[in-house]
Amino acid sequence: MTSPTSIRGIVARSVRCAALLLGAALAGGCASGPQSHPADPFEPFNRGMYQFNDSLDKAVLKPVATAYRDATPQPVRTGVGNFFANLGDAWSFVNNLLQWRGLEAYESLVRFSTNTVFGLGGVLDIASEAGIERHKQDFGLTLGRWGVPTGPYLVLPFLGSSTVRDTAALPVDFYLGDGVDRIGDIPLRNSLLGLRLVDTRASLLSAGSVLDAAALDPYSFTRDVYLQVRRGAGGGQADEGDDQEGGKLPEDY
């Protein structure tokens with residue numbers, strides 16, 4: 001079990017990582033003028049990173065995800081998605097507990113227990129069929145519940161949309177999240193990490209098509225949707241960026 005000292009060390013390292021990325025964004029220059037987005041002062045840096053990620057996605061991730069979708073039957077893909085979502089319910093239980101959300105923590109724990117025991121390790125989503133609601137949470141929203149402001153919008157290399165607060169929370173989510181990163185068997189761990197990445201990207205293929213067809217500026221559209229989802233999950237107002245009242249992430253986030 002991870003000790004409080006270890007958790008504090010992870011949080012400290014994550015804050016330093018966020019500070020480094022913030023420094024890189026500052027070095028990249030700030031957007032100015034009446035048209036700049038108040039939550040996106042590092043827009044030139046972010047747009048450059050967005051283009052990098054988009055090029056990488058088109059060259060590698062999207063073709064692999066498309067091949068996976070076309071070659072894998074829908075029931076298998078559903079089972080894979082259920083498996084990783086079930087692992088995520090355990091981490092949501094921890095975050096709901098840290099946010100003093102008793103009912104949500106209880107339902108997350110019941111979901112994880114039910115699907116693990118009766119759903120073949122989470123491959124079958126028995127809990128949803130029984131009407132037990134999913135309450136997705138992560139450490140970024142927990143920090144918001146503790147009063148940490150979101151900070152400026154950031155686009156991270158390979159990972160995409162984030163904020164300064166969510167960036168600081170990422171190492172905690174990665175290490176303590178669904179547990180895959182802590183598997184000692186390296187080939188198994190890497191296989192699961194790769195499967196999780198491809199399955200997640202495959203689930204977003206239809207959303208990407210809508211984005212390409214509907215958005216005149218995909219960068220702005222992606223930024224605005226991300227900030228709206230995070231603030232909506234946190235329960236704060238868009239103009240305040242206050243997530244202390246908290247909520248939950250949507251099912252498909």
Side-chain angles (χ1 to χ4, degrees), residues 17 46 49-92 95 111-112 115-116 119-128 134 136-140 154-162 166-167 169-215 218-219 221-223 225-226 229-230 233 249-253:
C17 177
N46 287 334
M49 196 58 63
Y50 177 88
Q51 291 298 326
F52 168 79
N53 289 340
D54 187 57
S55 297
L56 178 66
D57 179 73
K58 290 178 179 177
V60 180
L61 291 179
K62 185 176 180 180
V64 172
T66 302
Y68 167 78
R69 180 197 62 186
D70 294 343
T72 308
Q74 179 62 55
V76 176
R77 300 201 308 273
T78 299
V80 171
N82 287 342
F83 173 77
F84 288 112
N86 184 56
L87 295 178
D89 282 335
W91 184 229
S92 293
N95 281 285
R111 282 189 58 87
F112 177 73
N115 286 339
T116 300
L120 303 178
V123 174
L124 302 178
D125 189 359
I126 304 299
S128 290
R134 170 170 281 136
K136 293 185 66 175
Q137 289 285 351
D138 56 38
F139 194 64
L154 283 176
V155 180
L156 304 179
F158 309 108
L159 301 178
S161 295
S162 186
D166 291 344
T167 300
L170 275 176
V172 180
D173 281 323
F174 282 157
Y175 186 73
L176 299 177
D178 59 19
V180 174
D181 297 82
R182 302 196 306 275
I183 295 176
D185 187 319
I186 295 178
L188 175 60
R189 180 184 65 200
N190 291 343
S191 297
L192 287 174
L193 289 173
L195 178 60
R196 183 179 66 183
L197 174 63
V198 172
D199 182 72
T200 300
R201 182 62 185 89
S203 69
L204 297 174
L205 287 173
S206 58
S209 300
V210 172
L211 173 64
D212 292 339
Y219 168 81
F221 183 84
T222 301
R223 176 196 62 202
V225 168
Y226 177 83
V229 167
R230 297 300 292 183
L249 294 169
E251 286 280 343
D252 56 353
Y253 179 81

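Throughout, numbering of the chain's residues begins at 1 and tracks the sequence. All figures in this text were calculated on a predicted structure; none of them were measured in a lab. We use all heavy atoms of the structure for the numbers below, so side chains are in, but hydrogens, waters and symmetry mates are not.
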Of all heavy-atom pairs between [X] and [Y], which one has the smallest distance, and what is that distance?
| X | Y | value |
| --- | --- | --- |
| W91 | G177 | CB-O, 3.3 Å |
| N95 | Q137 | CB-CB, 3.7 Å |
| S191 | P187 | OG-O, 2.8 Å |
| V60 | P63 | O-CD, 3.2 Å |
| A65 | A202 | CB-N, 3.7 Å |

Straight-line distance of [X] [atom1] to [Y] [atom2], nearest 0.5 Å:
| X | Y | atom1 | atom2 | value |
| --- | --- | --- | --- | --- |
| L159 | L170 | CG | CG | 6.0 Å |
| M49 | L156 | CE | CG | 8.0 Å |
| F83 | L195 | CZ | CG | 8.5 Å |
| T222 | N53 | OG1 | CG | 10.5 Å |
| I186 | N190 | CD1 | CG | 7.0 Å |
| R196 | D181 | CZ | CG | 5.5 Å |

Can a donor-acceptor pair be found, under 3.5 Å and without considering hydrogens, that links the side chain of [X] to the backbone of [Y]?
| X | Y | answer |
| --- | --- | --- |
| S162 | T167 | yes |
| N86 | V123 | no |
| R182 | Y175 | yes |
| T116 | G122 | no |
| N46 | V155 | yes |
| D178 | G88 | no |

Checklist line | Pairs flagged by salt bridge (charged side-chain N to carboxylate O under 4.0 Å, His left out) wherever residues 81-92 is involved - sequence neighbours left out | finding: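 Sorted pair list: D89-R111, D89-R134.
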Notebook entry, point to check: Just checking, is any N or O donor in the side chain of S55 or Q51 under 3.5 Å from an acceptor N or O on the other one?
Noted result: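 On atom types as modelled, these side chains do not qualify, holding no pair under 3.5 Å.
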Next item on the list: Step by step, work out the side chain to side chain contact (heavy atoms under 4.5 Å, CB included) result for R201 and V64.
Entry: CA-CA 9 Å; R201 182 62 185 89; V64 172; over 6 Å; no
Check: ring pair (Phe, Tyr, Trp, His ring centres under 6.0 Å) with F112: which residues, sequence neighbours excluded?
Finding: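 Here no residue qualifies.
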Margin query: Regarding K58 and D54, does a basic nitrogen lie under 4.0 Å from an acidic carboxylate oxygen?
Written below: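 D54 and K58: salt-bridged.
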Next item on the list: Find out whether T66 and R69 are in side-chain contact, i.e. whether some heavy atom of one side chain is under 4.5 Å from a heavy atom of the other.
Entry: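 Heavy-atom side-chain distance check passes, below 4.5 Å.
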Note to self: In the structure I gave you, are the side-chain heavy atoms of D166 and D173 within less than 4.5 Å of one another anywhere?
What the structure shows: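 Of all side-chain heavy-atom pairs linking D173 with D166, none is under 4.5 Å.
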Margin query: Taking ring-ring contact (aromatic ring centres under 6.0 Å, His included) as the cut-off, I'd like each qualifying pair that reaches into residues 52-76, sequence neighbours left out, listed once.
Written below: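 Every pair satisfying ring-ring contact (aromatic ring centres under 6.0 Å, His included) with a residue in residues 52-76: F52-F158.
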